[in-house]
Amino acid sequence: MIKQDTLVKTKEDIPGALNKYFMDELFAFLNSIYPLSQKAIDYLTKNLKEIEVPRKNFVLKKGRVCYNIYFVKNGLLRCFYTKNDKEINSWFMKEQDVIFSVESFLNQIPSRESIQTVEDSHLYYISYPELQYLYNHCSEFNFIGRVVTEKYYQLSEQRLYSLRMQKAIDRYNFIFNHFPHIILRVPSKYIASYLGITEETLSRIRASRINNHA
C-alpha cells in the first residue's frame, strides 16, 4: 500500500489559530487571482493548518501521494527527481509560492518527484478533500486553482525549452535576471543540477560574468 505524504512535525498543527498578518497576506495573494467570497475566507480561516519543517526534511517523498497543498510563509524548498541515484532539481519555491506535486495531487496517485526544504521553512496547508470542498462550494476557487496549475505548467515548459534550446550561459542569465533568489539562496550543486550542467561549468560561468562586469 502506498502511503500518503507525511510531514516532519516540529510543533503541533494549529488549525484556525493563525496570526492575522499571515491570513491577510494569504488572502491578498488569493484575491489577486480572483476575489474571495466570505464563505471561502471563513472556511480557510477554520481549516488552514501550519507546520514548521527544518532544513533538509521532506514535505513529500517520491512514491507517496501528495495529499496536501502548501503555501510558503517563510523558507525555501526544492522539487527534484531521481534518476540512476542522481538528483535532478526541477524547481525552487520561496515565500508566497504555492507548493504541490501537480500530477500526484490532482490525480491522487504516487508522486514521481520529491519536495524537500532547502532552508528551515514555515508552511501552511490544506488537504485534498478540503480543497475539493472549496471547489464544490466556493466557485471562485475553481478559477484560482486553474490559474495556479497553469502557472506550474508554464514554468515546467519554460524550463524544458531552456534545457533543449539555450546555451548554459543563457540558461544561467535567465535565472539570474528573473529568479535572483535562486542564485542567492540555493546551493551551487542544486543550481547546476537545475540548469543541467556540472558544478565546474557553473563555476566557470560565474567567473566569466564577474570578469565581464569588472
Side-chain angles (χ1 to χ4, degrees), residues 5 7-8 10 22 25 29 50-62 64 66 68-105 111-125 148-149 151-213:
D5 63 315
L7 293 167
V8 177
T10 60
F22 166 72
E25 187 179 55
F29 168 76
E50 67 175 322
I51 195 73
E52 291 181 359
V53 188
R55 176 174 170 268
K56 290 191 174 181
N57 277 272
F58 286 89
V59 170
L60 174 68
K61 287 186 176 182
K62 175 184 176 181
R64 296 197 175 194
C66 184
N68 300 315
I69 186 168
Y70 306 90
F71 183 84
V72 185
K73 181 177 186 292
N74 297 113
L76 182 70
L77 300 93
R78 68 182 180 120
C79 175
F80 68 94
Y81 298 86
T82 304
K83 182 178 181 181
N84 299 326
D85 295 325
K86 182 179 179 181
E87 294 179 356
I88 303 171
N89 290 275
S90 57
W91 197 241
F92 305 95
M93 293 76 71
K94 59 176 178 51
E95 291 81 8
Q96 296 192 357
D97 280 341
V98 175
I99 306 171
F100 64 117
S101 175
V102 176
E103 182 183 33
S104 175
F105 184 80
S111 176
R112 293 187 291 184
E113 58 194 345
S114 298
I115 300 174
Q116 184 186 41
T117 53
V118 178
E119 302 171 354
D120 293 345
S121 299
H122 194 163
L123 313 175
Y124 293 83
Y125 67 95
V148 171
T149 302
K151 176 186 175 182
Y152 268 73
Y153 277 115
Q154 288 169 0
L155 289 172
S156 177
E157 286 298 311
Q158 187 180 74
R159 178 173 184 270
L160 287 174
Y161 172 83
S162 177
L163 290 173
R164 291 169 179 166
M165 306 297 293
Q166 293 182 314
K167 296 179 180 179
I169 182 64
D170 296 325
R171 297 200 294 272
Y172 180 86
N173 287 336
F174 181 84
I175 295 299
F176 187 93
N177 293 325
H178 293 86
F179 304 100
H181 68 278
I182 293 179
I183 304 300
L184 294 173
R185 298 169 65 180
V186 174
S188 294
K189 64 179 181 179
Y190 294 160
I191 296 175
S193 168
Y194 175 75
L195 294 173
I197 59 179
T198 65
E199 287 189 71
E200 290 75 16
T201 299
L202 176 61
S203 180
R204 287 197 294 270
I205 289 173
R206 284 176 161 170
S208 175
R209 280 184 57 90
I210 292 173
N211 292 333
N212 290 336
H213 291 84

**OP:** Output yes when a side-chain donor or acceptor of Glu95 lies under 3.5 Å from a complementary backbone atom of Gly75, and no otherwise.
**Re:** yes
**OP:** Please name all residues satisfying ring-ring contact (aromatic ring centres under 6.0 Å, His included) with Phe92, sequence neighbours left out, ordered by chain then number.
**Re:** Tyr194
Original post:
In chain order, what residues pass the ring-ring contact (aromatic ring centres under 6.0 Å, His included) check against Phe176, with sequence neighbours excluded?
Top reply: none
Original post:
Distance only, no hydrogens: is a donor on one side chain within 3.5 Å (strictly under) of an acceptor on the other, for Arg206 and Ser203?
Top reply: no
Original post:
Any idea how Trp91 and Phe179 line up, ring-wise: parallel (<30°), tilted (30 to 60°), or perpendicular (>60°)?
Top reply: perpendicular
**OP:** With sequence neighbours left out, write down each residue that passes salt bridge (Lys or Arg N to Asp or Glu O under 4.0 Å) with Arg55, or none if nothing qualifies.
**Re:** none
Original post:
Mind checking what makes side-chain contact (heavy atoms from CB on, under 4.5 Å) contact with Lys151, not counting sequence neighbours?
Top reply: Asp97, Leu155
Subject >> Pair Ser188, Glu199: side-chain N/O donor-acceptor within cut-off below 3.5 Å >> reply: no
Original post:
Of the non-hydrogen atoms in Glu103 and Arg112, which two are nearest, and what is the gap between them?
Top reply: OE1-NH2, 3.0 Å
Original post:
Between Val118 and Pro187, which heavy-atom pair has the shortest distance, and what is it?
Top reply: CG1-CD, 3.8 Å
Subject >> Under 3.5 Å donor-acceptor, Gln116 side chain and Lys56 backbone >> reply: yes
Original post:
Ser121 side chain to Val53 main-chain N or O, any donor-acceptor pair under 3.5 Å?
Top reply: no
**OP:** Sequence neighbours left out, what passes salt bridge (Lys or Arg N to Asp or Glu O under 4.0 Å) with Glu119? Give chain and number order.
**Re:** Arg185
Subject >> Parallel, tilted or perpendicular, as decided by the 30° and 60° cut-offs, for the rings of Phe71 and Phe29 >> reply: tilted
**OP:** Return the set of residues passing ring-ring contact (aromatic ring centres under 6.0 Å, His included) with Tyr172 (not counting sequence neighbours), or none when no residue passes.
**Re:** none
**OP:** Considering non-hydrogen atoms only, spot the tightest contact between Glu113 and Val102 and give its length.
**Re:** OE2-N, 4.1 Å
Original post:
When you measure from the side chain of Ser104 to the backbone N and O of Cys66, does any donor-acceptor pair fall under 3.5 Å?
Top reply: yes
Subject >> Ser114 side chain to Lys62 backbone, donor-acceptor under 3.5 Å >> reply: yes
Original post:
Does a side-chain N-to-carboxylate-O contact under 4.0 Å join Lys73 and Glu50?
Top reply: no
